*Asks:* 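Have a look at this one before I ask anything.
Here the structure is a predicted model, which means the values were calculated and not measured. Within every chain, numbering begins at 1; the chains are lettered A, B, ... in the order of the sequence lines, protein sequences first and strands thereafter.
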There are 2 protein chains.
Amino acid sequence: MTETRWLDAAQQRDWRAYVEGSVRLADVLDRDLKAKHGLTMAEYEILVRLSEAPDRRLRMAELAEFASQSRSRLSHTVARLECKGLVARGTCGADRRGVNAELTHQGFAFLEQAARDHVAAVREFFVDVIDPADLGAIGRAFAAVAEQVQKAR
Amino acid sequence: MTETRWLDAAQQRDWRAYVEGSVRLADVLDRDLKAKHGLTMAEYEILVRLSEAPDRRLRMAELAEFASQSRSRLSHTVARLECKGLVARGTCGADRRGVNAELTHQGFAFLEQAARDHVAAVREFFVDVIDPADLGAIGRAFAAVAEQVQKAR
DNA sequence: TCGCATTGATTGAAGTTTCAACAAATATTC
DNA sequence: GAATATTTGTTGAAACTTCAATCAATGCGA
């Protein structure tokens with residue numbers, strides 16, 4: 001058992017600011033999206049990933065990976081999005097275990113509206129209140145974090 | 001209705017890196033804490049805030065504010081922590097509507113153990129993979145974000 | 001090819017969070 | 001000071017996520 005390396009004052013301050021800020025940001029963005037379009041961030045993320053995929057279609061496992069969600073969670077959530085008519089599921093030609101999720105026409109139209117409001121909120125509470133150099137630092141840092149998490153799995 | 005100001009390429013890259021990285025970070029920290037101590041980050045946060053309060057005690061409303069949680073959520077969560085014997089609730093002397101949540105002796109001892117593992121994980125996946133200057137930028141940026149969210153409520 | 005492990009996705013139950021409604025105590029207004 | 005409004009905290013139900021179990025299809029080794 002090795003000695004605990006506690007955070008120094010500056011590290012602690014920055015870490016705490018991040019924890020609080022990120023929770024409140026997620027909260028306000030979620031609330032905004034839910035109030036205006038009845039979507040959570042997780043659902044929105046799914047629609048975005050699908051919209052960017054070839055043919056606006058992805059296998060469930062890939063979609064789960066892109067959207068940083070468990071497969072189980074994705075199954076439930078896609079079921080809900082399917083009920084709303086925003087996504088459709090179909091079997092995958094090659095591998096008959098696979099299931100494709102596809103953004104419907106209606107889903108795409110819906111997303112176009114939601115994206116406008118969402119980007120405005122992202123600007124209001126994130127991009128526009130952060131110094132551009134600091135934003136670059138955030139991008140760098142969280143890319144490194146994601147890689148490290150990936151590596152450890 | 002004003003024209004949508006989309007993000008430019010760099011902003012979009014940084015924002016996306018943040019979204020993905022922060023979700024994965026929260027995920028791995030949650031998993032670690034749950035596996036080793038049976039706590040979620042939200043529960044851990046509550047214990048930390050209590051541990052730092054005078055007499056290790058706070059009113060529910062203050063605790064909710066510090067821990068960035070809704071009062072309802074806090075009620076439920078504190079009920080669970082109370083069952084585990086980590087927190088105790090008592091009435092507030094001055095204002096008889098108020099309820100004090102207090103960290104028990106056992107809760108404090110428990111937190112001391114959990115904090116060691118948690119800080120190690122925070123280092124492994126966050127602090128130690130980020131350039132110190134970038135960490136400072138993150139602290140600055142998210143303090144601004146938190147303030148902006150606060151302002152808009 | 002047969003058996004067995006692995007992969008892909010779903011399911012239902014248990015646990016957690018959100019939402020709206022509520023009750024009790026305190027503040028405010030007239 | 002009685003009536004009304006606000007604040008504090010809890011509650012139960014609905015919505016969502018997690019967890020473990022399951023099923024079907026595929027891959028693999030003998």
Side-chain angles (χ1 to χ4, degrees), chain A residues 23-24 26-47 50 57-84 86-102 153, chain B residues 23-24 26-35 37-46 50 57-84 86-102 153:
Chain A
V23 169
R24 293 190 189 269
D27 211 57
V28 75
L29 293 180
D30 230 52
R31 226 165 268 285
D32 184 74
L33 213 43
K34 199 171 295 175
K36 293 179 181 157
H37 301 278
L39 283 184
T40 64
M41 278 277 280
E43 292 169 329
Y44 178 81
E45 189 72 14
I46 288 170
L47 298 185
L50 285 178
R57 163 186 322 189
L58 281 172
R59 288 188 61 157
M60 293 296 279
E62 294 178 290
L63 183 50
E65 178 62 20
F66 288 148
S68 308
Q69 294 185 18
S70 72
R71 291 187 188 185
S72 172
R73 182 180 178 184
L74 185 67
S75 272
H76 288 295
T77 307
V78 165
R80 263 178 275 131
L81 292 172
E82 203 171 18
C83 281
K84 294 189 188 178
L86 304 180
V87 171
R89 274 188 284 202
T91 55
C92 189
D95 182 346
R96 265 180 310 191
R97 291 169 302 183
V99 170
N100 276 325
E102 182 177 349
R153 303 192 60 235
Chain B
V23 168
R24 292 189 190 269
D27 210 57
V28 75
L29 294 180
D30 229 53
R31 225 165 270 284
D32 184 74
L33 212 43
K34 197 171 295 176
H37 301 278
L39 282 184
T40 64
M41 279 276 281
E43 291 170 329
Y44 178 81
E45 190 73 13
I46 287 170
L50 285 177
R57 163 187 321 188
L58 282 171
R59 286 189 61 159
M60 293 295 279
E62 294 177 289
L63 183 51
E65 178 63 21
F66 288 148
S68 308
Q69 295 185 19
S70 72
R71 291 186 187 184
S72 172
R73 180 179 178 184
L74 185 67
S75 272
H76 288 294
T77 307
V78 165
R80 263 178 274 132
L81 292 172
E82 202 172 19
C83 281
K84 293 190 189 178
L86 305 180
V87 170
R89 274 187 284 202
T91 56
C92 188
D95 182 345
R96 266 180 309 193
R97 290 170 303 184
V99 171
N100 277 325
E102 181 177 351
R153 301 191 63 233

*Asks:* So does A/R97 get a side-chain nitrogen or oxygen closer than 4.0 Å to the phosphate oxygens (OP1/OP2) of D/dA24?
*Replies:* no
*Asks:* Output yes when a side-chain donor or acceptor of A/N100 lies under 3.5 Å from a complementary backbone atom of A/G90, and no otherwise.
*Replies:*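 Not confirmed, A/N100 side chain does not pair with A/G90 backbone.
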*Asks:* Side-chain N or O of B/R80 less than 4.0 angstrom from OP1 or OP2 on C/dT16?
*Replies:*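 Answer is yes, contact under 4.0 Å.
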*Asks:* Calculate the interatomic distance between B/E45 atom CD and C/dT16 atom C1'; express it in whole Å.
*Replies:*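 About 17 Å, once rounded to whole Å.
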*Asks:* Between atom CD in B/Q69 and atom C1' in C/dT16, what is the gap in whole Å?
*Replies:* 11 Å
*Asks:* Does any donor-acceptor pair link the side chain of B/S72 with the base of D/dT11 at a separation under 3.5 Å?
*Replies:* yes
*Asks:* How many angstroms lie between CG in B/L50 and CZ in B/F66, if you round to the nearest 0.5 Å?
*Replies:* 10.5 Å
*Asks:* Heavy atoms from C-beta onward define the side chain here; which of D/dG9, D/dA25, C/dC19 lies closest to that of A/K34?
*Replies:* C/dC19
*Asks:* On DNA chain C, compare the nucleotides closest to B/A42 and B/G93; which residue's is nearer the 5' end?
*Replies:* B/A42
*Asks:* May I have the distance from B/E43 (atom CD) to C/dT16 (atom P), rounded to whole angstrom?
*Replies:*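 Interatomic distance, CD of B/E43 to P of C/dT16: 7 Å.
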*Asks:* I want to check something: taking the side chain as every heavy atom from C-beta on, are B/S75 and B/R71 in contact at a cut-off of under 4.5 Å?
*Replies:* no
*Asks:* Of all the heavy-atom pairs spanning B/A101 and B/M60, show the shortest one and how long it is.
*Replies:*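 In this case the closest contact between B/A101 and B/M60 is CB-SD, 4.0 Å.
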*Asks:* Is B/T77 touching bases, backbone alone, or none of the nucleic acid, heavy atoms closer than 4.0 Å?
*Replies:* sugar-phosphate
*Asks:* A/R96 has an atom CZ; how far is it from atom P of D/dC23, in whole Å?
*Replies:*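 To the nearest whole Å, that distance equals 20 Å.
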*Asks:* Identify which nucleotide among D/dG9, C/dA9, D/dC19 has an atom closest to any side-chain atom of B/A61, counting heavy atoms from C-beta outward.
*Replies:* D/dG9
*Asks:* Give A/R71 one of three labels, base, sugar-phosphate or nothing, depending on what nucleic acid heavy atoms sit under 4.0 Å from its own.
*Replies:*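 Here A/R71 touches the bases of the nucleic acid.
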*Asks:* Write down the distance between CZ (B/R73) and C1' (D/dT17), rounded to a whole number of angstrom.
*Replies:* 12 Å
*Asks:* What do you reckon, is CZ of B/R96 surrounded by more than 12 foreign heavy atoms closer than 6.0 Å?
*Replies:* no
*Asks:* Quick one: B/H76 NE2 to D/dA14 C1', roughly how many Å, whole number?
*Replies:* 11 Å
*Asks:* What's the CG-P distance between B/L74 and C/dT18, to the nearest Å?
*Replies:*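 B/L74 atom CG is separated from C/dT18 atom P by 12 Å.
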*Asks:* Classify B/A94 by what it touches in the nucleic acid, base, sugar-phosphate, or nothing, heavy-atom distance under 4.0 Å.
*Replies:*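 Sugar-phosphate contact only - B/A94 comes under 4.0 Å of backbone atoms but never of a base.
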*Asks:* Check whether any side-chain nitrogen or oxygen of B/R59 sits under 4.0 Å from OP1 or OP2 of D/dG9, and answer yes or no.
*Replies:* yes
*Asks:* Measure from CG on A/N100 to P on C/dT10 and round the result to the nearest Å.
*Replies:* 11 Å
*Asks:* Given C/dT10, is OP1 or OP2 found less than 4.0 Å from the side-chain N or O atoms of A/R89?
*Replies:* yes
